[in-house]
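Atoms within each ligand, like the ligands themselves, are counted from 1 in listed order.
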Amino acid sequence: MEEMTKPRILNGIAIASEIKAEVAAEVQALVRRGIVPGLAVILVGEVPASQIYVRSKVKTCGELGIFSEMLTPPESITTTEMLALVSELNARDDIDGILIQLPLPKHVDTKRLLEAVSPDKDVDGFHPVNVGRLQSGQPGLAPCTPAGIMEILRRSNLPVAGQNAVVVGRSDIVGKPSAMMLVNASATVTICHSKTADLAKFTQSADILVAAIGRPGFVSADMVKPGATLIDVGINRITDSADVEEFFPGDAERAATLAKRGSVVVGDIHPAAFARAGAYTPVPGGVGALTIAMLMQNTVTAAKLRRGISTEKR
Ligand code: NDP
């Protein structure tokens with residue numbers, strides 16, 4: 001029988017700490033030049049999950065020495081009023097990054113707002129100008145989750161150039177920009193989605209498999225090439241004890257989490273597939289852990305780019 005070596009767990013929390021420490025040092029260097037990078041976060045209404053995300057973004061800013069300002073307009077705010085708010089932030093010199101926490105209330109025109117953010121302050125990397133910059137390999141601001149994936153691969157010394165990378169999912173936030181960054185790093189990239197015929201044929205050929213689907217444990221063990229690098233972007237909450245047992249058989253810790261919190265988090269890759277991997281990102285503690293660190297990095301990058309300071313890293 002073929003002997004399998006134990007897969008390497010790619011620890012997103014440790015990588016995120018490393019990045020945050022580097023960002024803090026970059027902030028200090030800017031502060032010595034009289035520049036304090038600043039992030040404005042707009043949180044509309046009272047969506048509990050958004051409140052949690054925003055609070056942790058603001059807290060991380062504080063830890064790294066980044067100035068942050070939270071704006072909390074009421075749910076009833078109109079698109080016109082939001083546009084005025086964004087325009088004020090675009091004009092402020094002490095603000096380098098503007099983040100509009102999504103989702104916005106239904107009556108607000110999200111697309112129009114995201115396009116109103118100055119591309120130079122678009123720390124989420126969603127503005128069409130930054131999408132274009134990413135595609136043409138120009139310096140700019142890239143979306144945080146895909147940027148986090150690339151940092152995991154780079155800092156774990158996993159090869160990308162010449163590898164077959166398969167991205168399942170084609171969202172503007174994760175799938176497409178991840179594919180673009182992988183191709184910029186010289187991988188051979190295939191993008192799959194819900195209309196892909198014979199998905200397993202593609203995933204089985206992947207040296208690097210990125211799953212950004214939003215369906216619990218969707219990628220099964222037989223869909224994975226032995227020894228592949230598995231990047232699991234999915235964050236899915238399961239609430240049924242039979243599902244928890246199916247994904248995590250005999251896992252007392254997760255059964256306890258379910259009893260205590262009413263849900264357990266599982267990625268888009270079935271945990272059984274991880275045993276076949278060469279390396280994989282766990283859920284939680286993998287890709288998700290990088291997102292805020294990359295937002296902080298983007299804020300500092302924006303502060304530098306806007307002032308013509310080099311963003312080259314050694
Ligand atoms: P979207 O719902 O926007 O996109 C999902 C993609 O998966 C679509 O392109 C869809 O295809 C594809 N898909 C759905 N079903 C299938 C299927 N049966 N076979 C193949 N492809 C399929 O999700 P996001 O990209 O925003 O997020 C994906 C996951 O990542 C979610 O679990 C989300 O919670 C998580 N996430 C995690 C982040 C983090 O770690 N910080 C950040 C953002 C997201 P089609 O286009 O044809 O519909």
Side-chain angles (χ1 to χ4, degrees), residues 10-13 15-16 19-20 41 47-50 52-57 60 99-104 110-111 114 123-126 131 134 141-153 165-182 189-206 209-220 222-224 230-239 243 247 263-271 273 280-298:
L10 306 171
N11 184 341
I13 297 167
I15 296 172
I19 294 169
K20 284 190 271 187
V41 185
V47 183
S50 296
I52 294 171
Y53 292 141
V54 165
R55 243 180 266 135
S56 77
K57 288 167 186 175
T60 312
L99 184 142
I100 303 173
Q101 185 66 42
L102 302 178
L104 290 172
T110 301
K111 189 164 168 280
L114 294 181
V123 281
D124 259 334
F126 295 159
V131 176
L134 178 62
L141 299 165
C144 297
T145 301
I149 293 174
M150 298 311 290
E151 286 298 325
I152 291 177
L153 293 170
V166 174
V167 179
V168 189
R170 56 171 162 179
S171 70
D172 291 335
I173 296 171
V174 190
K176 280 185 203 160
S178 301
M180 193 50 66
M181 293 177 107
L182 285 162
V189 181
T190 307
I191 306 176
C192 299
H193 46 76
S194 69
K195 304 289 188 294
T196 298
D198 201 355
L199 179 65
K201 184 181 83 185
F202 294 99
T203 57
Q204 280 159 355
S205 74
L209 178 63
V210 178
I213 309 162
R215 298 181 62 168
F218 180 78
V219 177
S220 53
D222 60 325
M223 289 169 75
V224 165
L230 303 181
I231 305 290
D232 193 349
V233 187
I235 301 174
N236 310 292
R237 285 184 195 284
I238 47 173
T239 52
D243 288 341
F247 288 122
S263 70
V264 165
V265 175
V266 66
D268 288 342
I269 299 179
H270 197 294
Y280 71 94
T281 59
V283 176
V287 176
L290 268 289
T291 303
I292 291 185
M294 297 319 293
L295 173 68
M296 300 296 120
Q297 177 69 77
N298 268 355

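If you number the atoms of ligand 1 from 1 as listed, the ones under 4.0 Å from a heavy atom of A212 come out as 5 (C), 6 (C), 7 (O), 28 (C). Contact atoms of ligand 1 toward R215: 15 (N), 18 (N) (distance under 4.0 Å to a heavy atom of the residue). Near G169, the atoms of ligand 1 lying under 4.0 angstrom from a non-hydrogen atom of the residue are 6 (C), 7 (O), 9 (O). Remark: ligand 1 atoms within the under-4.0 Å shell around heavy atoms of F218 are 17 (C), 18 (N), 19 (N). Interface of N236 with ligand 1, defined as ligand atoms under 4.0 Å from a residue heavy atom, comprises 32 (O). Atoms of ligand 1 found under 4.0 Å from any heavy atom of T291, numbered from 1 in the order shown, are 39 (C), 41 (N).
With hydrogens left out, the protein atom closest to atom 7 (O) of ligand 1 is I213 CA, 3.4 Å, a heavy atom. In terms of protein heavy atoms, atom 42 (C) of ligand 1 is closest to T145 OG1, 3.4 Å. Nearest protein heavy-atom contact of atom 9 (O) of ligand 1 is R170 N, 2.8 Å. Atom 40 (O) of ligand 1 has its closest protein heavy atom at G288 CA, 3.3 Å. Counting only heavy atoms of the protein, atom 44 (C) of ligand 1 lies nearest to V174 CG2, 3.8 Å. Of the protein's non-hydrogen atoms, the one nearest atom 34 (O) of ligand 1 is I235 O, 3.5 Å. Nearest protein neighbour of atom 25 (O) of ligand 1, counting heavy atoms only, is S171 OG, 2.5 Å.
For the atom pair OG1 (T196) and CD1 (I191), the distance works out to 9.5 Å, reported to the nearest 0.5 Å. Note that the CG atom of N236 and the CG atom of D268 stand 5.0 Å from one another [nearest 0.5 Å]. With rounding to the nearest 0.5 angstrom, the CZ atom of F218 is 12.5 Å from the NE2 atom of H270.
Using a 4.5 Å cut-off on side-chain heavy atoms (C-beta onward), P143 and V174 make no contact. Under the 4.5 Å side-chain criterion, counting only non-hydrogen atoms from C-beta, V219 is not in contact with D232. Here the side chains of V210 and L230 are not in contact, with every heavy-atom distance at 4.5 Å or above. Side-chain contact check for I231 versus L153: some heavy-atom pair is nearer than 4.5 Å.
Of the candidates G214, G267, G148, it is G214 that places a heavy atom closest to atom 29 (C) of ligand 1. Which of V233, L199, V219, V168 comes nearest to atom 30 (O) of ligand 1 through a heavy atom is settled by distance: it is V233. Counting only non-hydrogen atoms, the option in S194, G286, A289 that gets closest to atom 45 (P) of ligand 1 is S194.
Donor-acceptor pairing under 3.5 Å is lacking for the side chains of K20 and Q297.
What you find for L199 and C192 is that their closest heavy atoms are CD1-CB, 3.4 Å. Residues G125 and V131 share a closest heavy-atom pair of O-CG2, 4.2 Å.
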